[in-house]
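So the structure is just underneath, and the comments pick up after that.
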Amino acid sequence: MVTAVDLINHFGLRLAFGNAEMLRHVITITELDRPGVELLGNFQFHRSDRILILGNKELDIIRNSPYDEIYKNSLRLCDPACPAIIIAQGAECPTPLLQAAKERKTPILLSDADTNQLISKLYIYLSEALAPTVAMHACLLEVFGIGVMIFGESGIGKSEISLGLIKKGHRLVADDRVNISAVRGELIGSCPESIYGMMEVRGIGIIDVARMFGINSLGKKAQIQFIVELVPFDKTEPLERVGMKTNRYEILGETVPIVRLPVSAARNMTEIIEAAVTNFKLKDYGYDTGYEFEKRLSEIQNRKNAEAKLIERFVTLTQDPTVRPLKITLADEKNAQRKVKNSSGIVPDEKEKK
């Protein structure tokens with residue numbers, strides 16, 4: 001929940017008019033409005049539940065318009081649904097607007113910031129504070145600079161694996177519970193305040209990560225870019241072998257790449273997760289190992305097909321009674337190699353030639 005009081009405290013705004021009750025009005029949307037046309041009487045597209053920002057342009061309209069007209073239009077701007085009106089550029093509140101605000105009980109706030117900068121900062125703040133949020137039973141870490149969320153069924157070893165990653169120098173954001181917000185097309189994960197910096201390890205209990213591994217082992221929040229799902233090892237269950245297919249997991253309308261890793265006693269999961277994250281980064285930089293492997297197999301198959309066609313041609317010529325027997329020389333062999341190269345792009349191995 002965000003109110004005008006939160007804006008005053010966060011941005012250092014001054015109060016031109018308003019009381020405690022007015023400032024507790026809940027802000028519900030991130031959109032902001034600059035009411036230039038409304039001050040001139042055009043309310044066709046006006047939204048009364050938005051915060052209104054007045055800069056130099058709006059103040060100039062007020063100064064160069066009749067008092068009664070501005071006062072009448074200000075009464076419509078100061079709607080009970082309006083959370084607040086903010087005047088930027090260090091300017092004072094114009095008299096007709098202040099009079100209308102007092103009658104309609106709408107708070108007026110003052111800022112010394114530039115209008116565009118204030119709008120940008122307000123939008124970022126509100127988009128994060130009012131973002132849709134969901135909580136998940138998972139662990140969130142920064143591995144090689146990538147926000148990695150690890151989840152799986154209870155008791156599968158998420159905290160123990162996370163502890164191993166922290167010991168290897170990676171950063172913990174949240175253990176056991178991750179608060180996820182969809183902010184401007186990105187999923188931002190954070191830890192509940194009550195358990196920040198703490199981990200529960202079975203057999204030991206609650207541990208303080210910062211005291212055991214240093215303050216650099218903790219992070220406040222991270223963008224969730226990669227998800228690891230831990231599943232019990234089952235040899236009968238089919239899993240991705242080559243890595244050509246990229247599965248995605250949806251949270252709050254956004255999708256994130258996910259990999260399913262089977263857990264067993266013989267597997268070093270910390271190193272496997274590091275390898276999975278490194279492979280994800282390679283794909284992000286344009287190198288897909290699965291695609292390169294498939295390309296290599298295709299090249300080998302094309303080379304073998306070209307060699308088979310060349311041999312078939314020589315056999316056909318030697319069996320034709322109208323064609324005199326061919327004597328294959330070293331020059332013929334080199335010509336054959338050039339034909340193979342032209343057809344497949346690969347020269348046969350010298351050892352195979354010998």
Side-chain angles (χ1 to χ4, degrees), residues 1-3 5-7 9-11 24 26-30 121 123-230 249-258 261 263 269-270 273 277:
M1 184 177 69
V2 182
T3 65
V5 174
D6 298 315
L7 300 183
N9 295 332
H10 187 81
F11 295 100
R24 285 197 293 266
V26 178
I27 302 169
T28 58
I29 61 174
T30 60
K121 292 178 180 178
Y123 176 74
I124 293 173
Y125 174 80
L126 292 175
S127 64
E128 293 179 357
L130 301 177
T133 303
V134 67
M136 288 190 63
H137 180 62
C139 297
L140 178 60
L141 299 99
E142 283 186 354
V143 180
F144 300 132
I146 300 294
V148 180
M149 187 172 74
I150 304 173
F151 76 95
E153 62 184 43
S154 181
I156 201 167
K158 298 183 293 294
S159 295
E160 289 77 5
I161 293 171
S162 299
L163 183 62
L165 289 169
I166 294 168
K167 290 176 67 177
K168 298 186 75 171
H170 305 293
R171 301 173 67 192
L172 173 72
V173 177
D175 175 63
D176 192 58
R177 177 188 170 100
V178 181
N179 292 335
I180 305 172
S181 301
V183 181
R184 298 184 299 277
E186 297 178 350
L187 294 175
I188 306 299
S190 60
C191 183
E193 184 179 358
S194 59
I195 59 173
Y196 176 69
M198 304 291 179
M199 288 188 69
E200 180 186 1
V201 181
R202 283 180 175 82
I204 299 177
I206 305 296
I207 64 172
D208 190 323
V209 175
R211 287 185 178 273
M212 292 186 67
F213 303 103
I215 192 62
N216 292 327
S217 61
L218 287 181
K220 281 283 187 181
K221 59 183 178 180
Q223 179 188 350
I224 300 174
Q225 300 168 270
F226 190 61
I227 296 177
V228 174
E229 181 185 4
L230 302 178
Y249 190 83
E250 183 176 347
I251 304 174
L252 296 173
E254 305 292 336
T255 60
V256 182
I258 182 173
L261 297 180
V263 179
M269 296 307 300
T270 57
I273 289 176
V277 174

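Count residues from 1 along the sequence. In what follows, every heavy atom counts, from backbone to side chain, and hydrogens, waters and symmetry copies are set aside. Bear in mind the structure is a predicted one, so any value in this text is a computation, not a measurement.
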Review point. Which residue pairs pass the side chain to side chain donor-acceptor pair (under 3.5 Å) test with at least one member in residues 132-149, sequence neighbours excluded?
Key: Thr133-Ser181, His137-Asp176, Glu142-Arg171

Let me have the donor-acceptor pairs involving side chains of residues 143-152, under 3.5 Å, with sequence neighbours excluded, atom names and distances please.
none

Check your understanding: Checking side chain to side chain contact (heavy atoms under 4.5 Å, CB included) against Ser190, which of Asn179, Leu140, Ile180 comes through?
Key -> Asn179

Check your understanding: Looking at Leu187 and Leu252, what are the two nearest heavy atoms and their distance?
Key -> CD2-CB, 4.4 Å

Point to revise | Leu165 side, atom CG; Met269 side, atom CE - distance, nearest 0.5 Å | key: 9.5 Å

**Study point:** Where at least one partner belongs to residues 123-141, residue pairs that pass salt bridge (charged side-chain N to carboxylate O under 4.0 Å, His left out), sequence neighbours excluded
**Key:** Glu128-Arg184

**Study point:** From CG (Leu126) to CG (Leu7), nearest 0.5 Å
**Key:** 6.0 Å

Practice item. With sequence neighbours left out, write down each residue that passes side chain to side chain donor-acceptor pair (under 3.5 Å) with Thr30, or none if nothing qualifies. Key: none

Exercise for review: Write down the atom of Leu130, the atom of Ile27, and the distance for their closest heavy-atom approach.
Suggested key: CD2-O, 3.6 Å

Review point. Can you name the side chain to side chain donor-acceptor pair (under 3.5 Å) partners of Thr3, sequence neighbours left out?
Key: Asp6

Atom pairs and distances, donor-acceptor, side-chain atoms in residues 197-219, under 3.5 Å, two or more places apart:
residue : atom : partner : partner atom : Å
Asp208  : OD1  : Ala210  : N            : 3.2
Asp208  : OD1  : Arg211  : N            : 3.3
Ser217  : OG   : Gly214  : O            : 2.5

Check your understanding: What are the two closest heavy atoms between Gly189 and Val173, and how far apart are they?
Key -> O-CG1, 3.9 Å

Point to revise | Separation of Ile273 CD1 from Lys168 NZ (nearest 0.5 Å) | key: 10.0 Å

Practice item. Measure the NZ-CD1 distance between Lys121 and Ile124 for me, rounded to the nearest 0.5 Å. Key: 9.0 Å

Practice item. Check whether any side-chain heavy atom of Val228 sits under 4.5 Å from a side-chain heavy atom of Ile161, and report yes or no. Key: no

